[in-house]
Amino acid sequence: MKRIIISAFVFLLVSAAVMAQNNQGRQRQRINPAEMYEKMAERLAKQMKLDDDKANTFKVLYVDYQTARRNAVDPKGDNSDGDERVNLNKITDEEANALIQKSFNKQEAQLKVDKDYLPRFLEIITPAQAARIYVRGTGMGRQQSNGQMPRGGFPGGGPGGFPGGGPGGF
């Protein structure tokens with residue numbers, strides 16, 4: 001009986017220490033968009049099997065592209081209103097229309113960046129390779145080859161299964 005109590009106590013102490021370390025790591029870890037874009041570019045270049053020269057050129061362009069997309073919707077770079085939570089059950093028609101219009105404006109700004117960067121990408125990679133960047137739900141190895149819906153239940157592969165996630169979207 002004594003061993004069981006001691007074992008349980010040791011288990012609790014170890015669990016508490018691990019949880020404390022995990023929480024500290026999360027608090028300290030602030031995702032740097034440029035680093036994230038570099039890792040995404042690295043993975044894409046590897047998936048596309050680009051030679052070293054093309055891979056290096058692609059990575060620089062891809063980070064620039066993703067930064068431009070981000071700045072198109074958040075010019076200050078502070079994400080000041082990017083994470084606002086809205087209770088859609090308690091929203092007025094005017095607020096809903098404003099949110100929809102704001103979403104359309106962001107999508108249009110990002111689409112402009114997408115169109116501006118496509119010719120630059122096509123100087124480095126093939127159209128089939130560019131599709132990995134531009135066609136939502138296929139980039140970064142998320143192809144739905146069996147014809148099933150992604151986990152979120154909607155095609156597109158973004159957060160919650162909605163379009164816009166992944167390498168070319170936010």
Side-chain angles (χ1 to χ4, degrees), residues 22-48 50 54-125 127-144 149-170:
N22 285 343
N23 286 338
Q24 285 178 347
R26 284 188 200 122
Q27 289 171 354
R28 260 189 262 131
Q29 185 181 15
R30 194 78 181 156
I31 297 175
N32 178 355
E35 288 177 24
M36 180 179 66
Y37 300 150
E38 287 173 19
K39 288 179 183 179
M40 291 166 63
E42 183 75 38
R43 279 185 246 140
L44 278 168
K46 191 178 284 188
Q47 283 179 356
M48 291 188 250
L50 300 178
K54 280 188 177 183
N56 291 332
T57 306
F58 171 80
K59 290 175 200 175
V60 170
L61 180 60
Y62 186 82
V63 170
D64 187 46
Y65 160 70
Q66 287 291 3
T67 303
R69 283 188 105 244
R70 180 182 177 96
N71 290 339
V73 296
D74 185 19
K76 297 177 192 170
D78 62 1
N79 202 20
S80 56
D81 63 356
D83 287 331
E84 61 192 37
R85 301 281 181 209
V86 177
N87 184 346
L88 296 177
N89 294 326
K90 297 180 180 179
I91 191 170
T92 67
D93 287 346
E94 292 86 22
E95 291 170 328
N97 283 328
L99 283 174
I100 292 167
Q101 200 58 52
K102 184 177 179 181
S103 176
F104 287 165
N105 291 341
K106 286 181 177 185
Q107 290 174 38
E108 287 172 355
Q110 288 182 329
L111 180 60
K112 182 180 179 335
V113 172
D114 289 349
K115 287 181 176 182
D116 289 346
Y117 273 80
L118 179 59
R120 296 169 66 186
F121 277 117
L122 292 177
E123 291 175 7
I124 304 167
I125 58 178
Q129 291 170 324
R132 290 179 175 259
I133 299 167
Y134 286 99
V135 179
R136 307 298 182 254
T138 59
M140 303 299 288
R142 284 196 317 255
Q143 287 181 326
Q144 297 296 322
M149 294 284 193
R151 195 181 342 181
F154 294 98
F162 292 100
F170 292 91

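Between Tyr134 and Phe121, the ring-plane angle classifies as perpendicular under the 30° and 60° cut-offs.
Under 4.0 Å is where a charged nitrogen must lie from a carboxylate oxygen, and between Asp64 and Arg120 at least one such pair does.
Two residues are said to be in side-chain contact when any heavy atoms from C-beta on lie closer than 4.5 Å; Met48 and Leu44 meet this criterion. Asn32 places none of its side-chain heavy atoms less than 4.5 Å from the side chain of Tyr37. Using a 4.5 Å cut-off on side-chain heavy atoms (C-beta onward), Lys90 and Asn87 make contact. Contact annotation: the side chain of Arg69 approaches that of Asp114 to within less than 4.5 Å [non-hydrogen atoms, C-beta and beyond]. Leu50 has its side chain within reach of Gln129: a pair of non-hydrogen atoms, C-beta onward, lies under 4.5 Å apart.
The minimum heavy-atom distance linking Arg70 with Pro33 is given by the pair CZ-CG, 3.8 Å. Counting all heavy atoms, side chain and backbone alike, Ala72 lies closest to Gln110 at CB-N, 4.4 Å. Pairing each heavy atom of Thr67 with each of Val63, the nearest pair is OG1-O, 2.7 Å. Nearest heavy atoms, Leu118 versus Ala130: CD1-CB, 4.1 Å. Between Ala41 and Phe58, the closest heavy-atom pair is O-CE2, 3.7 Å.
Side-chain atoms of Ser103 do not come within 3.5 Å of backbone N or O of Leu99 as any donor-acceptor pair.
Distance CD1/Ile100 to CG/Asp93: 9.5 Å, rounded to 0.5 Å. Remark: Lys106 NZ to Asp74 CG distance equals 7.5 Å, nearest 0.5 Å. The distance from the CG atom of Leu111 to the CZ atom of Phe104 is 13.0 Å, given to the nearest 0.5 Å. From Leu88, atom CG reaches atom CD of Glu95 across 10.5 Å, with rounding to the nearest 0.5 Å. Rounding to the nearest 0.5 angstrom, the gap separating the NZ atom in Lys112 from the OH atom in Tyr117 is 10.5 Å.
Screening Met40, Lys39, Glu38 for a side-chain contact (heavy atoms from CB on, under 4.5 Å) involving Met36 leaves a single residue, Met40.
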Q: Test Val73 against Asn105 for side-chain contact (heavy atoms from CB on, under 4.5 Å), laying out the working first.
A: CA-CA 8 Å; Val73 296; Asn105 291 341; over 6 Å; no
Q. Do Lys54 and Thr57 pass the side-chain contact (heavy atoms from CB on, under 4.5 Å) test, and can you show the C-alpha distance, the side-chain angles, and the key distance before you say yes or no?
A. CA-CA 5 Å; Lys54 280 188 177 183; Thr57 306; 5.7 Å; no
**Q.** Working for side-chain contact (heavy atoms from CB on, under 4.5 Å), residues Tyr65 and Asp116
**A.** CA-CA 9 Å; Tyr65 160 70; Asp116 289 346; over 6 Å; no
